[in-house]
Amino acid sequence: QVQLVESGGGLVQAGGSLRLSCAASGNTAHAMGWFRQAPGKEREFVAAISWNGGTTYYADSVKGRFTISRDNAKNTVYLQMSSLKPEDMAVYYCALRFNGVHAVLRVRDYDYWGQGTQVTVSS
């Protein structure tokens, strides 16, 4: 059983920054991603990273502002969020693709999900 634990969410003013972390259990090679979901909306892709960190993808809405990275020694993936906007406010979820090394962008491509961490951005 793979377990993911997110942390780092909170309240921030527009223009501010937050760094989210996601610690994963297990020892298999796996790509990771970040998704977010606002009330009344579907879960949407934010960023993804391959197992070796060599490939990253970002949603158009966050390009230039968010950075995904990982530390495989710690089995942890990060999402550095800068220049936050009110429209970034959502619950952020990290996701793991079991035995998959390539970065992927679709919800259905992922096998395990964290519990989510709330990001609130004040205008």
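One is the number of the first residue; the rest follow in order along the sequence. Hydrogens, waters and symmetry mates play no part in the numbers below; they use all other heavy atoms, side chains included. Remember, it's a predicted structure, so these values are computed and weren't measured experimentally.
- At least one side-chain heavy atom of S17 sits less than 4.5 Å from a side-chain heavy atom of Q80.
- Dense packing is recorded around CD of E87, with more than 12 heavy atoms of other residues, nucleotides or ligands lying under 6.0 Å away.
- A distance of 7.0 Å separates OG of S83 from CZ of R65, quoted to the nearest 0.5 Å.
- In the hydrophobic clustering of this structure, V101 does not group with L4; members are Ile, Leu, Val, Met, Phe, Trp, Tyr whose side-chain heavy atoms approach within less than 4.5 Å, directly or through other members.
- Note: L20 CG to M81 CE = 4.0 Å, rounded to the nearest 0.5 Å.
- Criterion: ILVMFWY side-chain heavy atoms under 4.5 Å apart, direct or through other members. Under it, I68 and V5 are not part of a common hydrophobic cluster.
- In the hydrophobic clustering of this structure, Y112 groups with V77; members are Ile, Leu, Val, Met, Phe, Trp, Tyr whose side-chain heavy atoms approach within less than 4.5 Å, directly or through other members.
- In this structure, the side chain of Q3 does not engage the main chain of S25 through any donor-acceptor pair within 3.5 Å.
- Under the 3.5 Å distance criterion, the side-chain polar atoms of T120 are left unmatched by any main-chain donor or acceptor of L11.
- A search for side-chain hydrogen bond (donor to acceptor under 3.5 Å, both in side chains) contacts involving N99 returns nothing, not counting sequence neighbours.
- Between the Q13 side chain and the S123 main chain, no donor and acceptor come within less than 3.5 Å of each other.
- Applying the salt bridge (Lys or Arg N to Asp or Glu O under 4.0 Å) test to every pair with at least one member in residues 23-45, sequence neighbours left out, gives these pairs: R36-E44, R36-D88.
- Using the six-membered ring where Trp is involved, F66 and Y92 have ring planes that are tilted, between 30° and 60° apart.
- Put simply, the side chain of T76 gets close to the backbone of K74: a donor and an acceptor are under 3.5 Å apart.
- Placement of L18 and V121 within a single hydrophobic cluster is found when ILVMFWY residues are connected by side-chain heavy-atom separations under 4.5 Å, directly or transitively.
- No donor-acceptor pair closer than 3.5 Å links the side chain of T56 to the backbone N or O of A48.
- In this structure the side chain of Y93 never reaches within 4.5 angstrom of the side chain of T117, judged on heavy atoms.
- In terms of heavy-atom proximity, V91 sits nearest to Q118 at CG2-OE1, 3.2 Å.
- When all heavy atoms of A103 and I49 are compared, the pair lying nearest together is CB-C, 3.8 Å.
- Identified under the ring-ring contact (aromatic ring centres under 6.0 Å, His included) test for residues 30-53, with sequence neighbours left out: H30-W51, F35-F45, F35-Y110, F35-W113.
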Start with the C-alpha gap between M32 and C22, add the side-chain angles, then the distance that decides, and say whether side chain to side chain contact (heavy atoms under 4.5 Å, CB included) holds.
CA-CA 10 Å; M32 298 283 290; C22 176; 4.0 Å; yes
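- The environment of Y57 atom OH is sparse: at most 12 non-hydrogen atoms of other residues, nucleotides or ligands sit within 6.0 angstrom.
- Side-chain contact between R70 and Y78 is absent, with no heavy-atom pair separated by less than 4.5 Å.
- Judged by distance alone, the side chain of R97 and the main-chain N or O of A31 form no donor-acceptor pair under 3.5 Å.
- Hydrophobic clustering, with ILVMFWY side chains joined whenever heavy atoms are under 4.5 angstrom apart, keeps V46 apart from V107.
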